[in-house]
Undergrad: 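Sharing a structure here in structure tokens format.
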There are 2 protein chains.
Amino acid sequence: MKKKIEFRSQCPISTALDIFGDKWTLLVIRDLLFNGKRTYGEFLESEEKIATNILADRLSILEMAGIISKKKHPDSNAKILYNLTAKGIDLIPVLIEIIAWSEKYHDVHPYAKKFAKQLHKDKEKVVRQLFENFTKK
Amino acid sequence: MKKKIEFRSQCPISTALDIFGDKWTLLVIRDLLFNGKRTYGEFLESEEKIATNILADRLSILEMAGIISKKKHPDSNAKILYNLTAKGIDLIPVLIEIIAWSEKYHDVHPYAKKFAKQLHKDKEKVVRQLFENFTKK
DNA sequence: AAAAGTACTTGCAAAATGCAAGTGATTTCG
DNA sequence: CGAAATCACTTGCATTTTGCAAGTACTTTT
């Protein structure tokens with residue numbers, strides 16, 4: 001299972017969609033960025049209920065795309081830690097704008113509304129703090 | 001063909017992906033926002049070569065989601081004009097961040113690089129001008 | 001009146017997704 | 001120490017979505 005990603009054109013949007021243009025990939029990145037998830041089992045627990053084979057497929061795509069990397073878990077050799085690369089961390093602004101847009105037009109969780117309110121007040125600060133969270137480690 | 005959109009959760013990102021989480025939908029919005037396309041035939045011409053049935057399906061989803069609307073073409077009754085609603089126009093920042101991210105990490109068209117350079121210089125200005133373009137009409 | 005344009009729809013093969021069960025390597029528990 | 005549980009997947013198969021080619025119905029051009 002190591003097919004490489006085919007790019008349909010040199011349009012940056014098309015290229016981005018060739019990587020994460022589906023219903024699941026950005027949810028994995030969401031879990032890494034906002035929910036502190038790092039292991040296969042944690043991704044499976046999310047409320048949207050991704051199937052195990054789809055998760056495995058998306059993790060391999062994200063790794064091939066250089067958005068996440070694997071390393072061994074400090075506590076156990078049975079576990080694997082997934083973490084965002086610089087390329088993955090740089091998706092923060094994309095996710096932030098999706099959240100802001102979606103919250104404006106849809107019915108979302110109360111904590112998503114609260115988060116959107118913070119964005120409305122000082123988006124730069126929220127983004128900066130997220131970046132700091134992931135670049136300090 | 002009027003199935004409504006099912007939302008998997010109340011997460012704003014998940015909800016957004018339930019609407020445009022595929023390889024084609026955001027390309028249609030791209031064409032509306034950046035390439036001045038407004039008709040079915042124009043969308044078909046894009047270099048990624050969307051299939052006619054997929055295009056019809058995505059246009060109906062975008063209309064159901066309130067992102068685009070149809071109106072009659074002033075020149076012809078055979079043509080239909082598609083245009084972005086306020087909800088669609090508000091996707092500008094999402095697309096902008098995708099472009100900025102994708103250009104940073106991938107090999108893209110020269111004019112996409114040029115556009116990204118403008119973003120780097122003054123993103124607010126580029127976004128503001130895009131909004132003005134679509135709200136003045 | 002015929003041909004071309006426009007916005008689709010239809011039929012069918014191929015690919016992707018979803019679900020349930022299974023695998024093999026750790027790790028925990030008694 | 002051995003059995004059961006945990007962990008990260010893989011496999012098989014049914015369902016759904018996509019992709020391609022062709023067709024349709026209406027309008028416009030010639």
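To find a chain, count down the sequence lines: A is the first, B the second, and so on, and within it residues start at 1.
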Undergrad: Kindly state which residues belonging to residues 9-22 of chain A come within less than 4.0 angstrom of DNA chain D, counting heavy atoms of the residue only, listed by number.
TA: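 None, since no heavy atom is under 4.0 Å.
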Undergrad: Tell me whether the count of non-hydrogen atoms from other residues, nucleotides or ligands lying under 6.0 Å of NZ in B:Lys117 goes above 12.
TA: no
Undergrad: Expressed as a whole number of angstroms, how long is the span from A:Phe43:CZ to D:dC7:P?
TA: 14 Å
Undergrad: Nearest whole Å is fine: how far is D:dT10 P from A:Arg58 CZ?
TA: 14 Å
Undergrad: Select from A:Lys49 and A:Ala78 the residue whose nearest nucleotide in DNA chain C is closer to the 5' end of that strand.
TA: A:Lys49
Undergrad: When the nearest nucleotide of DNA chain D is assigned to A:Glu42 and to B:Asn53 on a heavy-atom basis, which residue is associated with the more 5' position?
TA: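 Residue closer to the 5' terminus by nearest nucleotide: A:Glu42.
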Undergrad: A:Trp24 side chain N/O closer than 4.0 Å to the phosphate oxygens (OP1, OP2) of C:dA16?
TA: no
Undergrad: Send over the distance from A:Asp57 CG to C:dC19 P, rounded to a whole Å.
TA: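 Atom-to-atom, A:Asp57 to C:dC19, this comes out as 16 Å.
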Undergrad: Would you tell me whether A:Asn77 and A:Lys72 have side-chain atoms, one donor and one acceptor, within less than 3.5 Å of each other?
TA: yes
Undergrad: Describe the nucleic acid contact of A:Lys70 in one word from base, sugar-phosphate, nothing, applying a heavy-atom distance below 4.0 Å.
TA: sugar-phosphate
Undergrad: Using a distance-only test with no angle check, is there a side-chain donor-acceptor pair under 3.5 angstrom linking B:Ser69 and B:Thr85?
TA: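 Not at all, the side chains of B:Ser69 and B:Thr85 share no donor-acceptor pair under 3.5 Å.
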Undergrad: Is it true that A:Asp31 and A:Arg38 make a salt bridge, defined as a side-chain N closer than 4.0 Å to a carboxylate O?
TA: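 The answer is no: the pair does not qualify as a salt bridge.
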Undergrad: Expressed in angstrom and rounded to an integer, what is the separation of B:Tyr40 atom OH from D:dT27 atom P?
TA: 18 Å
Undergrad: For A:Trp24 and A:Phe43, I'd like to know if the aromatic rings sit close, meaning centre-to-centre distance below 6.0 Å.
TA: no
Undergrad: Indicate whether any N or O donor in one side chain lies under 3.5 Å from an N or O acceptor in the other, for A:Ser14 and B:Lys23.
TA: no
Undergrad: Residues two or more places apart in sequence or in another chain: which of them pass salt bridge (charged side-chain N to carboxylate O under 4.0 Å, His left out) with A:Glu103?
TA: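 Partners of A:Glu103 by the salt bridge (charged side-chain N to carboxylate O under 4.0 Å, His left out) criterion come out as none, since no residue qualifies.
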Undergrad: Given atom CD1 of B:Ile54 and atom P of C:dA14, what is their separation to the nearest angstrom?
TA: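 One finds 17 Å between P of C:dA14 and CD1 of B:Ile54, rounded.
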Undergrad: Could you check how far CG of A:Leu44 sits from C1' of C:dA20, rounded to whole Å?
TA: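 To the nearest whole Å, that distance equals 14 Å.
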Undergrad: Taking NZ from B:Lys72 and P from C:dA7, how many angstroms apart are they, rounded to a whole number?
TA: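 After rounding, the gap between these two atoms is 13 Å.
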Undergrad: Do the side chain of B:Thr39 and the base of C:dT6 come within less than 3.5 angstrom through a donor-acceptor pair of N or O atoms?
TA: no
Undergrad: Could you work out which one of D:dA22, C:dC19, D:dT10 sits closest to the side chain of A:Ala51?
TA: C:dC19
Undergrad: Provide a list of protein-nucleic acid N or O atom pairs under 3.5 angstrom, restricted to nucleotides 28-30 of chain C.
TA:
none

Undergrad: So, are A:Glu132 and A:Lys125 salt-bridged, with charged N and O less than 4.0 Å apart?
TA: no
Undergrad: Check whether any side-chain N or O of A:Asn77 sits under 4.0 Å from OP1 or OP2 of C:dA25, and answer yes or no.
TA: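 So the side chain of A:Asn77 is outside the cut-off, no N or O lying under 4.0 Å from OP1 or OP2 of C:dA25.
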Undergrad: Measure the distance from NZ on A:Lys37 to P on D:dA8 and round it to the nearest whole Å.
TA: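 In whole Å, D:dA8 P lies 13 Å from A:Lys37 NZ.
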Undergrad: Would you call A:Arg8 and A:Asp18 a salt bridge, taking side-chain N to carboxylate O under 4.0 Å as the test?
TA: yes
Undergrad: I'd like to know if the side chain of A:Trp101 reaches the main chain of B:Lys87, judged simply by a donor and an acceptor atom lying under 3.5 Å from each other, with no hydrogens or angles considered.
TA: yes
